[in-house]
Amino acid sequence: MQLQAQLRVGAALLLGVAAGISTYVLLGYAQAYRQSIRNLRTLTSYELVLKAGDAVSAERAPANILLSLDQDAGQAYESTRAEVAQARHRTDLALDQLDQLVREQAQGSARRTGLAQTQAWLARGRADIDMLAARPPASRSPQDLQQAIDQMVAARVKLDPLINDFYSKAVKDAPDQAGIMQMARILSDLHEYGGRIGAMLVVPLSTPQPISPARRLVIATLRGHIDQLHRLMPNASGPDDAHGDAIDNLRTRAERDFFDHTLSLIDTLVACSGANYPMRAAAFTNAVTPDLMSLESLENLFMQRAVAEVTQVQRDDRRHMLLIGAYLLTFFFFLLAVLRAAERLVIRPLWLARKEIIDLANGDLRRSQRAGSSAEVRALHDAIDTLRRQHIHSMQLAIERDELSKALRRQAHTDALTSLLNRHALEEITGDLSADPVRLSKGRGLILIDVDYFKSINDEHGHIVGDLVLREVAGRIRHLVSEPHMAFRYGGEEFAVLTNGLSMDALCQFAEAIRHAIWCDEVVVPGISKFTVTASFGVAKGNADVLTWLDLLNAADAALYRAKAQGRNQLVAAADPARERSAS
């Protein structure tokens with residue numbers, strides 16, 4: 001085995017070197033894979049909070065239109081109500097998903113507070129909008145309209161800390177996608193600022209009334225933010241971007257729809273000095289909503305691009321891990337194959353043959369595993385097989401002798417007539433009663449049974465009927481006696497039941513059950529009338545004075561004698577000598 005050990009040590013060293021190098025590379029890819037998983041989770045979270053913000057912003061558009069309509073408007077009013085319900089459902093679904101995400105995060109306490117504030121402002125704004133929409137337009141004051149709109153804007157403003165928090169974490173965890181996420185954030189802010197300008201114009205266009213200086217200042221500030229964000233937008237996507245064409249197309253559409261159409265329309269309305277506006281609030285909202293949605297579509301496409309890039313990185317890292325793992329596994333199996341080939345061709349055949357010979361010498365006749373196919377090895381195996389066949393033949397002869405011995409022993413301990421254990425079997429348990437007394441084991445009891453008037457049955461009906469009666473009685477006894485108790489034919493018409501673990505009361509009940517089973521059903525003799533068989537019982541149990549098997553047998557025999565003397569077909573239990581002495 002020294003050569004085999006040397007081969008194994010050499011293979012282990014080679015495998016260790018390969019495993020070390022592969023593990024170092026594998027750990028690098030594994031770390032990158034885990035990082036890509038975190039990046040994807042972060043991007044997904046950031047995308048979710050942006051969608052929630054966009055949904056809250058987009059809900060204002062149909063709500064603003066609803067505030068400018070009368071319930072008597074018919075189909076237009078009902079259609080707008082349906083759009084409001086649909087927008088609210090979208091917002092609630094996005095906020096619920098965001099709430100579930102925040103609850104799963106360790107730092108979610110502060111975020112849940114901001115989200116709860118958003119939901120509270122949103123609920124108040126919706127309630128005011130529903131209340132105002134139920135009134136006639138003439139009873140909707142500009143202050144009430146602006147308050148409802150401001151509450152909807154405030155709901156979106158309360159989401160800004162969450163968006164900033166998720167954006168900072170996303171940029172930190174996935175710096176390679178920072179530019180894409182910044183672009184998505186710019187588009188989200190453009191969508192929101194454009195929507196806020198529209199919210200500032202709803203009341204003047206609905207009343208109609210002039211735009212106040214304060215309102216013009218807010219609009220100008222928002223307009224300045226939009227211009228700053230516009231300058232931060234890149235002119236075109238990268239040359240290797242898989243979404244480049246789609247992004248460029250949407251970018252061109254956003255430039256045309258939002259920056260050219262919507263902002264120009266806003267500038268035109270703001271430039272009006274009085275209440276002579278070219279359109280009302282509903283028409284204005286319907287005109288700018290598709291332009292705002294083009295910004296949201298472009299934002300979604302940028303996030304899809306970021307998610308796709310991180311997903312591709314994750315797939316690449318996973319593929320590299322699998323390749324390194326497959327290389328290491330292949331190298332391991334290659335070394336294992338080389339080692340096994342050396343063992344199979346050089347070492348293992350002789351070692352297995354040596355082991356098989358030693359096993360045969362120790363009495364193990366099983367054929368061991370073999371190896372090798374050379375002529376010398378086959379000759380050695382033939383010699384071992386010859387020796388094994390001789391051993392097997394000798395073993396078979398020994399087994400046959402043992403089976404014969406067991407059969408003779410069973411025959412010697414079984415009564416041929418009744419198939420119960422015989423007296424010899426009982427004496428093997430109790431010992432030779434003529435020799436030194438054998439002490440009883442704890443809990444032993446004895447029931448002696450004598451068939452009543454059996455000699456008369458033999459004399460009147462013959463020994464064949466007598467044998468049938470004995471077999472019937474033995475069968476009824478066997479039916480009731482089960483382990484750990486044992487039934488014997490004690491001799492002639494006498495039977496014995498050796499019990500274990502029964503109290504004297506239980507022993508008597510057991511004996512009474514056997515007596516009743518023998519007596520209650522008549523014995524049917526074919527061709528002869530049926531008749532009743534009874535038996536007398538003597539019961540004894542080990543106690544302070546019944547210490548040996550001989551004492552137990554004498555006590556049971558004496559009890560049986562009294563049962564026969566008292567008229568038979570009854571049970572008599574051996575008296576307790578100690579109790580009788582105390583009574584006297």
Side-chain angles (χ1 to χ4, degrees), residues 411-434 438 440 444-482 485-500 502 507-521 523 525 531-542 546 548-575:
Q411 184 177 358
H413 287 78
T414 303
D415 179 64
L417 178 63
T418 63
S419 297
L420 294 178
L421 296 173
N422 57 22
R423 183 166 183 166
H424 181 61
L426 178 61
E427 289 176 349
E428 281 207 353
I429 299 174
T430 61
D432 187 357
L433 301 180
S434 64
V438 179
L440 284 172
R444 284 294 192 180
L446 182 63
I447 304 173
L448 289 182
I449 306 169
D450 185 88
V451 180
D452 297 331
Y453 305 111
F454 183 74
K455 185 175 183 305
S456 299
I457 295 175
N458 276 338
D459 293 343
E460 182 177 349
H461 300 288
H463 287 283
I464 295 178
V465 175
D467 290 345
L468 187 148
V469 170
L470 291 178
R471 282 195 295 270
E472 180 66 23
V473 171
R476 296 180 184 184
I477 294 173
R478 186 189 305 107
H479 179 71
L480 294 176
V481 177
S482 60
H485 315 309
M486 304 172 69
F488 305 84
R489 183 183 180 190
Y490 194 61
E493 68 273 20
E494 292 187 22
F495 299 88
V497 177
L498 191 62
T499 65
N500 188 23
L502 297 179
L507 185 60
C508 290
Q509 293 176 3
F510 185 34
E512 181 61 25
I514 297 175
R515 187 191 69 81
H516 185 269
I518 295 174
W519 166 61
C520 67
D521 292 331
V523 176
V525 180
F531 53 87
T532 301
V533 176
T534 63
S536 301
F537 286 69
V539 179
K541 185 180 183 300
V546 180
T548 67
W549 283 108
L550 185 58
D551 295 337
L552 183 66
L553 181 61
N554 289 334
D557 192 59
L560 175 62
Y561 179 78
R562 289 199 301 274
K564 294 169 67 175
Q566 293 173 7
R568 294 182 169 83
N569 193 23
Q570 58 183 282
L571 180 151
V572 174

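By convention here, the first residue in the shown sequence is residue 1.
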Practice task
Nearest 0.5 Å please: distance from the NZ atom of Lys564 over to the OH atom of Tyr453.
Solution key: 10.0 Å
Practice task
Side-chain contact test, heavy atoms from C-beta onward, threshold under 4.5 Å: evaluate it for Val525 versus Phe531 and give yes or no.
Solution key: yes
Problem - Side-chain donor/acceptor of Glu428 to backbone N/O of His424, under 3.5 Å - result: no
Exercise for the section: Decide yes or no for Ser536 and Leu560: does some side-chain heavy atom of the first lie under 4.5 Å from some side-chain heavy atom of the second? Expected result: yes
Handout entry: Between CD on residue Glu427 and CG on residue Asn422, distance to nearest 0.5 Å
Key = 9.0 Å
Problem - Least distance between heavy atoms, Leu448 atom then Ala496 atom - result: CD2-CB, 3.9 Å
Exercise for the section: Considering only NZ, NE, NH1 and NH2 on the basic side and carboxylate oxygens on the acidic side, decide whether Asp467 and Arg471 come within less than 4.0 Å. Expected result: no
Practice task
Let me know which of Ile514, Ile449, Val533, Val523 forms a side-chain contact (heavy atoms from CB on, under 4.5 Å) with Val473.
Solution key: Val533
Practice task
Ignoring hydrogens and angles, tell me if any N or O in the side chain of Arg478 forms a donor-acceptor pair with the backbone of Thr418 under 3.5 Å.
Solution key: yes
Problem - Leu498 vs Leu426, side chain to side chain contact (heavy atoms under 4.5 Å, CB included): CA-CA, chis, key distance, verdict - result: CA-CA 9 Å; Leu498 191 62; Leu426 178 61; 4.2 Å; yes
Exercise for the section: Would you confirm whether Asp452, through its side chain, and Arg568, through its main-chain N or O, come within 3.5 Å as a donor-acceptor pair? Expected result: no
Handout entry: Heavy-atom closest pair, residues Ala511 and Val539
Key = CB-CG2, 3.7 Å
Exercise for the section: For the pair Asn458 (side chain) and Lys455 (backbone), establish whether a donor and an acceptor sit closer than 3.5 Å, ignoring hydrogens and angles. Expected result: no
Handout entry: Pair Ser456, Asp459: side-chain N/O donor-acceptor within cut-off below 3.5 Å
Key = no
Practice task
Give, for atom CG of Asn554 and atom CG of Leu550, the distance between the pair rounded to the nearest 0.5 Å.
Solution key: 4.5 Å
Exercise for the section: Using a cut-off of 6.0 Å, state whether more than 12 heavy atoms not belonging to Phe454 lie near its atom CZ. Expected result: yes
Handout entry: Exam field: side chain Thr499 to backbone Leu502, donor-acceptor pair closer than 3.5 Å
Key = no
Problem - Test side chain to side chain contact (heavy atoms under 4.5 Å, CB included) applied to Val497 and Phe488, step by step - result: CA-CA 6 Å; Val497 177; Phe488 305 84; over 6 Å; no
Completion exercise
Nearest heavy-atom contact between Ala555 and Ala540 is CB-CB, 3.7 Å
Exercise for the section: Evaluate the side-chain proximity of Ile447 to Leu507: yes if any heavy-atom separation is below 4.5 Å, no if none is. Expected result: yes
Exercise for the section: Return the set of residues passing salt bridge (Lys or Arg N to Asp or Glu O under 4.0 Å) with Glu472 (not counting sequence neighbours), or none when no residue passes. Expected result: Arg476
Exercise for the section: Hey, could you give me the CD/CZ distance between Glu512 and Phe537, rounded to the nearest 0.5 Å? Expected result: 8.0 Å
Handout entry: Smallest separation among heavy atoms of Phe495 and Arg489, with atom names
Key = CD2-CA, 3.9 Å
Handout entry: Sequence-distant partners of Phe510, ring-ring contact (aromatic ring centres under 6.0 Å, His included), two or more places apart
Key = His485
Exercise for the section: Please name the pair of heavy atoms, one in Leu553 and one in Tyr490, separated by the smallest distance, quoted to 0.1 Å. Expected result: CD2-OH, 3.3 Å
Completion exercise
For Asp450 and Glu494 the tightest heavy-atom approach is OD1-CG, 3.1 Å
Problem - Rounded distance [0.5 Å steps], NE2 in His516 versus CG in Leu571 - result: 13.5 Å
